Amino acid sequence: QAPRGHERHRCSDRSRYEGLGDAGGQFRGCCQGRRRAASTWTGDGRGSAAAGGAGKVNGGVSMDFHDVVSSRRSIRAYKPDPVDGAALQRVLEAGRLAPTAANRQPFVIYVISGDARERLRSAYGRDWCWEAPVVLLVCARLDRAWTRGDGKCFADVDAAIVMDHMILAAAAEGLGT
């Protein structure tokens, strides 16, 4: 049984997108920030998150977690090819399932594509960042983050964990990050 405050929860409500570019917009978790207990993916080669090992397949070959971690590289030149919508959903789902302090999930993920990328270029001046067909922007919500008794707010740690989950999921999908 899960400790109090960490109850297992299943929700049929799928996250929705709004606004920001061609590929959608804002991603939020379901049911007031609670996440589903486990992600059991079907037999289409993506493995089972609950089984603790296999990730998305690339060309029909399942990638082990350690293979994903050891083969991931930082990419600074992106292909203009569109990102598959199903792959993007799986990457976003990995972010949604990321653990956060006290399960507060104090983050919003923005999916930025198309003309929206150009409008945000002034926020970060490196061209390589905005040449990617899709940019995922994680914003921490300080008002929703857990704060330790000594005043340390964990919004930055939570956002970093969310990003790391999505980066590894993208690598398992064969997407550059």
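From a predicted model like this one, the values you see are computed outputs, not experimental measurements.
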request  = Would you check, one step at a time, whether the test side-chain contact (heavy atoms from CB on, under 4.5 Å) holds for Val111 with Leu136?
outcome  = CA-CA 5 Å; Val111 177; Leu136 301 180; 3.8 Å; yes
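- Gln105 contributes atom CD, which lies 7.0 Å from atom CZ of Arg96 (distance to the nearest 0.5 angstrom).
- Remark: Glu93 does not engage Arg90 in a salt bridge, criterion side-chain N to carboxylate O under 4.0 Å.
- The CD1 atom of Ile109 sits 5.5 Å away from atom CG of Leu92, with the distance rounded to the nearest 0.5 Å.
- With values rounded to the nearest 0.5 angstrom, Tyr78 atom OH is found 12.5 Å from Asp127 atom CG.
- With hydrogens and angles ignored, the 3.5 Å screen pairs no side-chain donor or acceptor of Glu173 with any backbone N or O of Leu88.
- Linking ILVMFWY side-chain heavy atoms closer than 4.5 Å, directly or via other members, places Val157 and Val162 in two distinct hydrophobic clusters.
- Nearest heavy atom pair, residue Cys129 against residue Val135, reads O-CG2, 3.5 Å.
- Transitive grouping of hydrophobic side chains (ILVMFWY, heavy atoms separated by less than 4.5 Å) keeps Leu142 and Ile161 in distinct clusters.
- In terms of modelled atom types and a separation under 3.5 Å, the side chain of Arg104 and the main chain of Thr147 share no donor-acceptor contact.
- Residues Phe107 and Val138 come closest through the heavy atom pair CB-CG1, 4.2 Å.
- Summarising the geometry, atom CG belonging to Asn103 is positioned 9.5 Å from atom CG belonging to Asp158; distances are rounded to the nearest 0.5 Å.
- With salt bridges taken as basic N to acidic carboxylate O contacts below 4.0 Å, one links Arg148 and Asp150.
- Residue Lys79 places its NZ atom among 12 or fewer non-hydrogen atoms of other residues, nucleotides or ligands, all under 6.0 Å distant.
- Shortest non-hydrogen contact noted between Pro80 and Pro133 is O-CB, 4.2 Å.
- Smallest separation of non-hydrogen atoms from Asp67 and Ser71: O-OG, 2.7 Å.
- Side chains of Arg72 and Ser74: a donor on one and an acceptor on the other come within 3.5 Å.
- Sorted by first and then second residue, the ring-ring contact (aromatic ring centres under 6.0 Å, His included) pairs involving residues 151-177 (not counting sequence neighbours) are Trp146-Phe154.
- Among pairs with a residue in residues 86-105, none fulfils ring-ring contact (aromatic ring centres under 6.0 Å, His included), at least two apart in sequence or across chains.
- Under the rule for a side-chain contact (heavy atoms from CB on, under 4.5 Å), Pro82 has no partner lying at least two apart in sequence or in another chain.
- Residue Val108 comes nearest to Arg141 through the heavy atom pair CG2-CD, 3.8 Å, listed as atom of the first residue, atom of the second, then distance.
- Atom CG of Leu97 is separated from atom CE of Met166 by 12.0 Å, given to the nearest 0.5 angstrom.
- One distance of note links OH of Tyr124 with CG of Leu137; it measures 12.5 Å at 0.5 Å rounding.
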